[in-house]
Amino acid sequence: MTDPLLIAAREIDPHTVVFYLEVPRSQIVLLQTYFELYDGVGTVRTLETPRNVVSVFTTPGLKNDCIEMLNAIRENVAWRVCSDIPEQI
């Protein structure tokens, strides 16, 4: 079975991959903290939407590491792939 994050990964240019995730508001800072602990794996940005969508930016070379990390923290951060990204994002 294919990991949903592999399907959700969007290459926005040759050097950048982004994942759009919905995260409960109370857990966004926790998600950011995990990424700060693993410096260089990815960068989290909170987007201005009512659905608590965050973007996680990484590089093509670190995409699989980023996916592994997201799956590893899923018990602590209840993220889910955002399937319908609003056009303004």
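Basis for what follows: all heavy atoms, side chains included, without hydrogens, waters or symmetry-related copies.
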Note to self: Taking Tyr34 as the starting point, is it possible to reach Leu70 by hopping between hydrophobic residues whose side chains are less than 4.5 Å apart?
What the structure shows: yes
Note to self: Please evaluate residues Arg45 and Phe57 with respect to the criterion side chain to side chain contact (heavy atoms under 4.5 Å, CB included), reporting the C-alpha separation (whole Å), side-chain torsions for both, the decisive distance (0.1 Å), and the verdict.
What the structure shows: CA-CA 8 Å; Arg45 295 286 180 252; Phe57 294 91; 4.0 Å; yes
Item checked: Co-membership, hydrophobic cluster, residues Val44 and Tyr20, 4.5 Å side-chain -> no
Next item on the list: Only counting residues at least two apart or in another chain, list the ones meeting side chain to side chain donor-acceptor pair (under 3.5 Å) with Asn64.
Entry: none
Margin query: If hydrophobic clusters are built by linking Ile, Leu, Val, Met, Phe, Trp and Tyr wherever their side-chain heavy atoms come under 4.5 Å apart, do Ile67 and Leu31 end up in the same one?
Written below: yes
Check: Taking a hydrophobic cluster as the set of Ile, Leu, Val, Met, Phe, Trp and Tyr residues connected by side-chain heavy atoms closer than 4.5 Å, whether directly or through intermediates, do Val18 and Val81 fall within one such cluster?
Finding: no
Note to self: Show the nearest heavy-atom pair for residues Arg80 and Arg74, with the distance to one decimal.
What the structure shows: CA-NH2, 4.1 Å
Margin query: Is any side-chain heavy atom of Asn71 closer than 4.5 Å to one of Trp79?
Written below: yes
Item checked: Heavy-atom closest pair, residues Ala8 and Phe19 -> C-CD2, 4.5 Å
Check: What distance separates Leu5 CG from Lys63 NZ, expressed to the nearest 0.5 Å?
Finding: 10.5 Å
Check: Which pairs pass side-chain hydrogen bond (donor to acceptor under 3.5 Å, both in side chains) with one or both residues in residues 6-15, sequence neighbours excluded?
Finding: Asp13-Thr16
Next item on the list: For Glu36, enumerate each residue passing the side chain to side chain donor-acceptor pair (under 3.5 Å) test, keeping only those at least two apart in sequence or located in another chain.
Entry: none
Notebook entry, point to check: Given Leu21 and Val56, is the side chain to side chain contact (heavy atoms under 4.5 Å, CB included) satisfied, shown in steps?
Noted result: CA-CA 8 Å; Leu21 307 173; Val56 179; 4.0 Å; yes
Next item on the list: Grab the two heavy atoms, one from Asn52 and one from Pro24, that are nearest each other, plus how far apart they are.
Entry: ND2-C, 4.5 Å
Notebook entry, point to check: When clusters are formed by joining ILVMFWY residues with side-chain heavy atoms under 4.5 Å apart, either directly or through shared neighbours, do Val23 and Leu37 land in the same one?
Noted result: yes
Next item on the list: Give the C-alpha distance, both sets of side-chain angles, the deciding distance and a yes or no for side chain to side chain contact (heavy atoms under 4.5 Å, CB included) between Met69 and Phe35.
Entry: CA-CA 9 Å; Met69 184 179 146; Phe35 276 91; 3.6 Å; yes
Next item on the list: To the nearest 0.5 Å, tell me how far Thr46 OG1 sits from Gln32 CD.
Entry: 4.5 Å
Check: Taking all non-hydrogen atoms of both residues, which atom of Ala9 and which atom of Val17 are closest, and how far apart?
Finding: CB-CG1, 3.8 Å
Next item on the list: Check step by step if side chain to side chain contact (heavy atoms under 4.5 Å, CB included) holds for Val54 and Leu47.
Entry: CA-CA 5 Å; Val54 301; Leu47 304 174; 5.9 Å; no
Next item on the list: Determine whether the side chains of Tyr38 and Asp65 contain a donor N or O and an acceptor N or O closer than 3.5 Å.
Entry: no
